Colleague: 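Let me begin by handing over the structure; questions about it come next.
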Amino acid sequence: MRIALDPGPRDGPARVQLLADDGAPAGPVEVLADLAAVAALEREHAPRWVFARPRAYRRLLEAGVEVARAHDVELVEGLVVAAAGRYGQPHGLAAAVARLEGREPEPDPPDAGDGPPGLFEAGPAGDELAGVVAVHAAQQRALAAAGPAMRLLAAAESAGALVAEEMTAHGLPWRADVHDRLLTDLLGPRPVLGGRPPKLAALAEAVTAAFGGRPVNPDSPAEVLRAFARAGHELETTRSWELRRVDHPAVEPLLAYKELARLHAAHGWSWLRSWVREGRFRPEYVVGGVVSGRWASRGGGALQIPRAVRAAVRADPGRRLVVADAAQLEPRVLAALSGDHALAPGEEDLYTALAAREFGGDRAKAKLALLSAMYGQTSGGAGALLAGLRRRFPAALAYLEDAARAGEEGRLVRSHLGRTCPPARPGHEQPAAARARGRFTRNFVVQATAAEWALVLLAELRQRLRAAGSPARLVFFQHDEVMLHSPAEAAAATAEAVHDAAATAGRRLFDTPVRFPMQVRIVDGYDER
DNA sequence: TGGCATCGCGCC
DNA sequence: AAAGGGCGCGATGCCA
């Protein structure tokens, strides 16, 4: 059973309508006294809730209501539009309704699916619930025609919306005092009036001194290039890997400066002030925000938390962090996709196993070879390594090369479950553009399939925790890694649920002997191995 | 002053 | 011969 839901304006009534599984209305529109009434319907019917966008669920969470299953109309519309070769065209509810009615869709409103509260409530008066019902019915027809893989993808994407909103609501445990201590250790005391912290100021002066005393702003690539040019070093860029090859006394303080300045600018005291409240970091996740189906995030750089500050992520007293990451997910996905099972023979470290068989025990070399194959890299010695891979894993390499060729020829590629890449843009016939698109589609098939494996893992894990009445909460998700905040006594069971969910995710996507092991650690701090 | 492109680097 | 996928974000530098 399905129930369409319009949570309504913030101070107004919510409305619901019972639907058959094909999306046809199975009852009248009903007005709910409040969102808490949703909880009663959830207990009574355990339906799949059909709503317009993730923020609808945010409203439920604010009212203290969690649900088990959902169909997110705007997220699914994105999948359906892309599958028709029109990635990037409007997929908000209003646009979907317009298409159904044979009108030209308007561009999506800014931040479709997210954005500040009130944006949509204040939007043009329309029957939101009727739109949700009509578009959902059309999507059910499209998904039925596309097959079970697309239906699984739609369900997983929608489950992702539930997880994302719940993770934001719970927040990532973040110890501001620990973070502050880390910053002070690395940068010196926080400057009271802004400006550079002591250690950064000292390094900037050291750079200037190394260039003979003429002031050089190390934050300005242009100035740094000019300074090196005056010293007789013509550089292309000021990237650290290029600087490292230069023999000049300014290099060492400059590299040290860049590393610390990065920390200060991106995750320093102002970040802490902006993003951590009452011991929690609450980023906003953007489900399906990346073409490959990976999540993006808005605000706080949630998916780029540097290792240097991870010690600040600490479990509350009496709790533990259960941190799990999928081991070598992308090459395992490639093995399953291509049927080249020899590439991923078991649960052991895939690169080590590969190194032993092909690369003289050199794990780094094996990893570089595989990543190069999946990214389309051939420089830096990668080309020579590819030959060994191609000889040993012809099916896996052929899979990637087919995807690359499809891209170069302007065709579409799809993930295992049917997420579709954007169409080629005009100009893709130019050789350089064609090769770039080939690298993109080569990577897309793997990255997008890995992303949907991870989505299914999340959905399965969430379902297990709910079924068991677990007190553990999902608090972080980053491409191939999940973190839970769990009472200490439940941590072992939580870890088991992760392993179980991972195995199930593999089975739901593939009929394959390839395994998808998770490395799980139960720790107090995110920095602990 | 604000918008925008570029650079550079953090994460996967 | 050369060809590295996907992001977010802050600082700089240029422009209106």
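Computed from a predicted model, the values in this text were never measured in an experiment. Numbered from 1 within each chain, the chains take letters A, B, ... in sequence-line order.
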Colleague: So, taking the atom named CG in A/Leu343 and the one named CG in A/Leu389, what distance separates them when rounded to the nearest 0.5 Å?
Modeller: 8.0 Å

Colleague: Atom CG of A/Leu370 to atom C1' of C/dG5: distance rounded to whole Å?
Modeller: 14 Å

Colleague: Just the rounded figure in Å: distance from P of C/dG10 to CG of A/Asp219.
Modeller: 14 Å

Colleague: Can you measure A/Arg239 atom CZ to C/dG4 atom C1' for me and round it to whole angstrom units?
Modeller: 12 Å

Colleague: Using centres under 5.5 Å plus planes under 30 degrees as the test, is A/Tyr375 stacked with C/dG5?
Modeller: yes

Colleague: Looking only at side-chain N and O atoms, does A/Ser240 come under 4.0 Å of OP1 or OP2 in B/dC9?
Modeller: yes

Colleague: For A/Gln447, answer base if it contacts any base atom (sugar-phosphate contacts may also be present), sugar-phosphate if it contacts only those atoms, and nothing otherwise; contact means non-hydrogen atoms under 4.0 Å.
Modeller: base

Colleague: Can you tell me if A/Lys258 touches the phosphate of B/dG8, counting only side-chain N or O atoms and a distance under 4.0 Å to OP1 or OP2?
Modeller: no

Colleague: So for atom CD, which belongs to A/Glu252, do other residues, nucleotides or ligands contribute more than 12 heavy atoms lying within a distance under 6.0 Å?
Modeller: no

Colleague: Under 4.0 Å, heavy atoms only, any strand: does A/Leu329 hit a base, just the sugar-phosphate, or nothing?
Modeller: nothing

Colleague: Give A/Ser292 one of three labels, base, sugar-phosphate or nothing, depending on what nucleic acid heavy atoms sit under 4.0 Å from its own.
Modeller: nothing

Colleague: Please state how far atom NE2 in A/His267 lies from atom C1' in C/dG10, giving the value in whole angstrom units.
Modeller: 11 Å

Colleague: Can you find a side-chain donor-acceptor pair between A/Thr441 and A/Arg437 that sits under 3.5 Å?
Modeller: no

Colleague: Any base atoms under 4.0 Å from A/Gly289, or only sugar-phosphate, or nothing? Heavy atoms, all strands.
Modeller: nothing

Colleague: For the pair made of CG in A/Leu263 and C1' in C/dG10, what is the distance, rounded to whole Å?
Modeller: 13 Å

Colleague: So, for A/Val291 and A/Pro422, which heavy atoms are closest and what is the spacing to 0.1 Å?
Modeller: CG1-CG, 3.8 Å

Colleague: For a quick test of reading the model, state the closest non-hydrogen atom pair linking A/Pro423 to A/Gly85 and the distance between them.
Modeller: CG-O, 3.6 Å

Colleague: Base, sugar-phosphate, or nothing for A/Ser372, non-hydrogen atoms under 4.0 angstrom?
Modeller: nothing

Colleague: How about A/Phe211 and A/His248: are their ring centroids closer than 6.0 Å?
Modeller: yes

Colleague: If you apply the rule side-chain hydrogen bond (donor to acceptor under 3.5 Å, both in side chains), what do you find for A/Thr420 with A/Arg414, and how did you get there?
Modeller: CA-CA 4 Å; A/Thr420 306; A/Arg414 301 181 202 276; 2.5 Å; yes

Colleague: Please determine whether any donor N or O and acceptor N or O are separated by less than 3.5 Å between the side chain of A/Arg294 and the base of C/dC7.
Modeller: no

Colleague: Just by distance, with hydrogens left out, do A/Asp349 and A/Thr352 show a side-chain donor and acceptor under 3.5 Å apart?
Modeller: yes

Colleague: Is it the case that more than 12 heavy atoms not belonging to A/Arg515 sit under 6.0 Å from its CZ atom?
Modeller: no

Colleague: Under 4.0 Å, counting only non-hydrogen atoms across every strand here, what does A/Arg310 touch: a base, just sugar-phosphate, or nothing?
Modeller: sugar-phosphate

Colleague: From C/dA11, B/dG10, C/dG6, pick the nucleotide closest to the side chain of A/Ala265?
Modeller: C/dA11

Colleague: Using a cut-off of 4.0 Å on non-hydrogen atoms, how would the nucleic acid contact of A/Val446 be classed: base, sugar-phosphate, or nothing?
Modeller: nothing

Colleague: Give the rounded distance in Å between these two atoms: CG of A/Asp480 and P of B/dC12.
Modeller: 8 Å

Colleague: Using a 4.0 Å heavy-atom cut-off, does A/Asp325 contact any base of the nucleic acid, only the sugar-phosphate backbone, or nothing at all?
Modeller: nothing

Colleague: OP1 or OP2 of C/dT12 sitting under 4.0 Å from any side-chain N/O of A/Asn217?
Modeller: yes

Colleague: Would you mind classifying the nucleic acid contact of A/Arg439 as base, sugar-phosphate or nothing, using non-hydrogen atoms under 4.0 angstrom?
Modeller: sugar-phosphate

Colleague: Using a cut-off of strictly less than 4.0 Å, decide whether A/Ser220 has a side-chain nitrogen or oxygen near OP1 or OP2 of C/dG13.
Modeller: yes

Colleague: What is the bend of the helix from B/dT1-C/dA16 to B/dC12-C/dG5 when you compare the axis at one end with the axis at the other, using five pairs each and rounding to 10°?
Modeller: 0°

Colleague: Measure CZ/A/Arg332 against P/B/dC12 and give the value in whole Å, please.
Modeller: 18 Å

Colleague: B/dC11 base to A/Arg307 side chain: any donor-acceptor pair below 3.5 Å?
Modeller: no

